[in-house]
Amino acid sequence: MNSSDFDVVIIGGGIHGCGTARELSLRGLRVLLVEKQDFGAETTAWSTRLVHGGLRYLETGQIGLVKEALHEREILLNNVSHLVKPAKIAIPIYRSSGRSKLLIKLGMTAYDLLSLGKTLPSHQILSADTGRSLIPNILEDDLSGIAVYYDAHVEYTERLCLENALDALHNGAEVRNHCEVTGFSIIDEKLKGVHLQNLHDGTKQFISTRIVVNAAGPWVENLTKLIGNGTSNMISARKGSHVVFKHISSAPDCLLHFESVIDGRPLIIVPWLGMHVVGSTETDQVKDPHYARVEIDELNYLIKSINAVLPKAKLTIDDVAFTYSGVRALAYDRKGGSTKTSRKHKIVDHGIAEKPNRVEGLVSLVGGKMTTYRSTTEEIAQYVVQKLEHRGPSVDTKHRPLPGGRREVMSEIPMIFPQWANLNPAIKVRLMNTYGADLAHLARIINKDSSLSEIIDSSNGILKGEVIYGFDSQLAVTIEDLVARRLMKTWTPSLATESVKAIGAYSAEFLGWKKEKLEEELHSYLLYIERFDVKKTIQATKAEK
């Protein structure tokens, strides 16, 4: 571990923690970002992977949040275009739903008006006949039309998170994954520092800091409890579960947004990496968020909901590739688990709390949406700068692309990347969608050794240079980090079990791991993917009964 004296320590390497590290490092502060697992490994990874304004939030009157989200959606489309892409979304309109075509048109007109200056097309309301040409397998009974509108989709939310961490690193921040906060030092209600432990080598360190930003998402209260009399009732922990199907043959090419026939909950089918992800449910989460799993009743609920709106789908559990669940840390709602709970974030300054919970120098982020992470972290950064009375450079990240989003560099990739012309077209698309402009760094690695442009294994299409790049320059520490959140190869029906051994073997060769270390890493990876295995879900349910 390096420095032990920082202006700001940020706890939590999700999208908001990484975004805050980026914002504060750009303002010239000495920043340390720490994450117990890996960057983007939990809540950030388990979303529906949409960048959207929140059309349904209009119904609950959250107009300000929708307007902010639509504005941020446009910024992401401009600043990180290799990851965030336009998404066409269809909504079937049924006469019995309680929402007429006129009402939906009014809502979508408002959605368009709130996103003035957008680059995405405006909505359309299609007749039932015209709509069936877009979704030929849709349930036709009672269908009055199809609404079509546009939002955005991000295939690799984990990479979006990582790019914020990398930009923070490039701007002087120190970033540490697999590093746990084990306690705080507090003197006279003033936070003086944090105790850390490296979870890989066991080393411990005390870090002095002027302020701590607690951005631990659903673990935010766990962190405050480390101070002794921690603040509770800060969040409403809500689990969202998704099912990923190998393929839904009757699904349209676009995204399909519909209401479940079971309870009217809005659901969406999203084409993703040749598969279809469907979600999400929403239930209370009382256990540690790390152990959030899809329950068998959630699995059956989503299958039944899809089969109702797409009768020809005839999906069964055998069609499931894998499942995933994550926990949203919504701002506490004393009414409990209502889906109408506000998605607006809160900044909690524990220095102005009542005794015995008062701790000057501790600030927590509660709630927040992935779509609005940039504006949220900008707000946190401005709050911290004001508290510290810091005089630093003026920053406007609205017009600052993330490292992979520099379009002028992306256009040069075919000229500077060795062997680009000889690569399989599918590999080219994957490389560009994964790294964007950062392919220039990978090109420099391969330029030094042309053998690094070779494919490790035909089953995965991974270049040898990507492994070196992942460990040397992209903060990967474990095989899980590399395969799941750098190469993004876990997300296949087999969960990469057919390719992880080859990737692991080359990783071991590069890093000089002994046989025992490689076996340990591969075993750890196999334990990791058990949480997504639908067979394990069924077995666990039977065991509980």
Side-chain angles (χ1 to χ4, degrees), residues 8-21 32-47 157-158 161-162 164-165 175-184 186 191 194-199 207 209 211-241 282-293 324-333 337 341 343 345-350 353 357 359 361-370 373 376-377 380 480-481 485 528 531:
V8 187
V9 172
I10 301 162
I11 304 171
I15 191 66
H16 289 101
C18 292
T20 301
L32 170 64
L33 170 67
V34 295
E35 163 56 41
K36 183 178 179 180
Q37 298 182 68
D38 186 24
F39 304 113
E42 284 292 344
T43 302
T44 299
W46 312 138
S47 73
T157 53
E158 302 91 332
C161 187
L162 177 66
N164 277 272
V175 299
R176 305 178 189 174
N177 49 354
H178 303 284
C179 184
E180 181 179 13
V181 174
T182 57
F184 295 108
I186 300 170
L191 194 153
V194 298
H195 296 276
L196 302 179
Q197 181 173 4
N198 184 309
L199 296 180
I207 300 291
T209 184
I211 195 167
V212 167
V213 175
N214 175 11
W219 290 274
V220 68
E221 289 182 6
N222 293 29
L223 267 295
T224 62
K225 289 174 183 175
L226 287 177
I227 67 177
N229 297 309
T231 305
S232 59
N233 290 339
M234 294 172 65
I235 65 170
S236 291
R238 304 289 290 161
K239 184 183 78 169
S241 292
E282 186 164 324
T283 56
D284 288 326
Q285 175 71 15
V286 293
K287 299 178 182 178
D288 185 322
H290 179 67
Y291 298 103
R293 301 290 187 273
Y324 64 84
S325 294
V327 179
R328 306 176 183 97
L330 305 180
Y332 178 71
D333 181 357
T341 300
R343 265 52 177 176
H345 68 276
K346 291 181 181 179
I347 297 175
V348 179
D349 189 337
H350 299 267
N357 297 325
V359 180
L362 177 62
V363 174
S364 293
L365 170 66
V366 177
K369 283 164 48 68
M370 184 176 69
Y373 89 86
T376 298
T377 56
I380 297 168
E480 178 196 318
D481 296 346
R485 290 176 294 277
Y528 167 70
R531 68 190 292 186

Item checked: Candidate pair T157 and I15, rule side chain to side chain contact (heavy atoms under 4.5 Å, CB included), full reasoning -> CA-CA 9 Å; T157 53; I15 191 66; over 6 Å; no
Checklist line | Criterion side chain to side chain contact (heavy atoms under 4.5 Å, CB included) on D481 and N177, from CA distance to verdict | finding: CA-CA 10 Å; D481 296 346; N177 49 354; 4.1 Å; yes
Notebook entry, point to check: So T20 and V8, side chain to side chain contact (heavy atoms under 4.5 Å, CB included) or not? Walk me through it.
Noted result: CA-CA 10 Å; T20 301; V8 187; over 6 Å; no
Margin query: If you apply the rule side chain to side chain contact (heavy atoms under 4.5 Å, CB included), what do you find for H290 with Q37, and how did you get there?
Written below: CA-CA 10 Å; H290 179 67; Q37 298 182 68; 3.5 Å; yes
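With 3.5 Å as the limit, one finds no donor-acceptor pair spanning the side chains of H350 and N214. Between the side chains of S325 and S241, at least one donor N or O lies within less than 3.5 Å of an accepting N or O.
Across all non-hydrogen atoms, the minimal contact from K239 to A292 is CD-CB, 4.0 Å. Of all the heavy atoms in T224 and M234, the pair that sits closest is CG2-SD, 4.0 Å. When all heavy atoms of I211 and T209 are compared, the pair lying nearest together is O-OG1, 2.9 Å. When every heavy atom of C18 is checked against every heavy atom of G13, the shortest pair comes out as SG-O, 3.4 Å. Scanning both residues, L33 and G17, for their nearest heavy atoms gives CD1-O, 3.8 Å. Contact record, I227 with F184: CG2-CD1, 3.5 Å, taken as the closest heavy-atom pair.
Rounded to the nearest 0.5 angstrom, T376 OG1 and H16 NE2 are separated by 4.5 Å. How far CG of D288 is from CG of N222: 6.5 Å, rounded to the nearest 0.5 Å. Here the NZ atom belonging to K225 is positioned 11.0 Å from the CG atom belonging to L223, to the nearest 0.5 angstrom. Of the inter-residue distances, the one linking E42 atom CD with T44 atom OG1 reads 9.5 Å to the nearest 0.5 angstrom. For the atom pair NZ of K369 and CZ of R328, the computed distance is 10.0 Å after rounding to the nearest 0.5 Å. Taking CZ from R485 and CD from E480, the interatomic distance works out to 4.5 Å, rounded to the nearest 0.5 Å.
Side chain of T182 to backbone of H195: a donor-acceptor contact under 3.5 angstrom is found. Put simply, the side chain of T43 gets close to the backbone of V327: a donor and an acceptor are under 3.5 Å apart. Panel note: side chain K36, backbone L199; no donor-acceptor pair is recorded below 3.5 Å.
Residues L162 and D38 form no side-chain contact, since every pair of their non-hydrogen atoms from C-beta on lies 4.5 Å or further apart. The shortest distance between side-chain heavy atoms of I347 and V363 falls below 4.5 Å. At least one side-chain heavy atom of V175 sits under 4.5 Å from a side-chain heavy atom of F39.
Checking V212, V34, V9, I207 one by one against V181, the side-chain contact (heavy atoms from CB on, under 4.5 Å) holds for a single residue, V34.
Between Y324 and W46, the ring planes lie tilted relative to each other; the angle falls in the 30° to 60° range.
Checked for salt-bridge contact, D284 and R238 meet the test: a charged N lies under 4.0 Å from a carboxylate O.
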